[in-house]
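Along the sequence shown, the residues carry numbers beginning at 1.
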Amino acid sequence: GDFRILEKEVNPGGILGSRWMRFYKGYGIHGTNQPELIGQAVSKGCIRMHNHHIEAIYPLVSIRTPVHIREALGKPSWPPGEPGERERHRGDG
């Protein structure tokens with residue numbers, strides 16, 4: 001899908017690491033306090049990054065910056081699940 005950054009937050013707490021950039025309801029691009037999980041199928045739609053990587057791009061990204069999520073080969077399209085499952089709260093990813 002095609003989205004835009006809607007909200008940014010420094011030190012959002014929880015599993016979101018040092019930076020959070022929301023692009024759709026409860027979905028966002030964020031750091032993590034569990035870097036060993038990056039690249040594993042543990043998220044339900046968020047994009048996890050190492051804190052030092054998201055800290056590098058965070059000042060370069062403004063509200064309304066386009067975000068393009070594309071289907072990977074062999075992976076389901078985004079957003080995942082049925083419409084009722086798409087309603088999530090920030091921090092679940």
Side-chain angles (χ1 to χ4, degrees):
D2 297 313
F3 308 92
R4 293 191 179 274
I5 295 296
L6 303 172
E7 170 189 8
K8 293 174 61 178
E9 187 174 343
V10 175
N11 297 320
I15 63 170
L16 299 176
S18 65
R19 304 290 183 273
W20 163 258
M21 297 186 292
R22 181 173 65 89
F23 60 82
Y24 177 80
K25 296 185 182 182
Y27 297 96
I29 303 166
H30 62 83
T32 181
N33 61 2
Q34 299 173 311
E36 67 278 4
L37 298 180
I38 292 174
Q40 296 185 32
V42 295
S43 176
K44 295 179 183 175
C46 287
I47 299 166
R48 291 177 184 228
M49 299 178 71
H50 289 279
N51 284 326
H52 65 276
H53 288 152
I54 197 153
E55 289 168 10
I57 68 165
Y58 188 88
L60 306 174
V61 176
S62 59
I63 300 297
R64 302 203 40 81
T65 295
V67 176
H68 305 287
I69 307 292
R70 297 294 179 251
E71 183 175 347
L73 294 175
K75 301 287 183 183
S77 61
W78 197 96
E82 298 300 318
E85 294 179 84
R86 294 180 190 158
E87 298 294 328
R88 296 181 39 243
H89 297 288
R90 186 184 87 182
D92 289 348

| task | Could you tell me whether a side-chain N or O of N51 sits under 3.5 Å from a main-chain N or O of G17, the two making a donor and an acceptor? | result | no
Nearest-0.5 Å distance that lies between atom [atom1] in [X] and atom [atom2] in [Y]:
| X | Y | atom1 | atom2 | value |
| --- | --- | --- | --- | --- |
| Y58 | E9 | OH | CD | 7.5 Å |
| H50 | T32 | NE2 | OG1 | 9.0 Å |
| H68 | R4 | NE2 | CZ | 7.5 Å |
| I57 | R19 | CD1 | CZ | 11.0 Å |
| D2 | R70 | CG | CZ | 4.5 Å |
| K25 | F3 | NZ | CZ | 10.0 Å |

Any link between [X] and [Y] through a network of hydrophobic side chains (Ile, Leu, Val, Met, Phe, Trp, Tyr) touching at under 4.5 Å?
| X | Y | result |
| --- | --- | --- |
| I69 | Y24 | yes |
| M21 | L6 | no |
| L60 | V10 | no |

Closest non-hydrogen atom pair between [X] and [Y], with its separation:
| X | Y | result |
| --- | --- | --- |
| G26 | C46 | O-SG, 4.0 Å |
| I38 | M49 | CD1-C, 3.5 Å |
| I54 | S18 | CG2-OG, 4.2 Å |
| W20 | G28 | CH2-N, 3.6 Å |

| Are any non-hydrogen side-chain atoms of R48 and V42 less than 4.5 angstrom apart? |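 Yes; the side chains approach each other to less than 4.5 Å.
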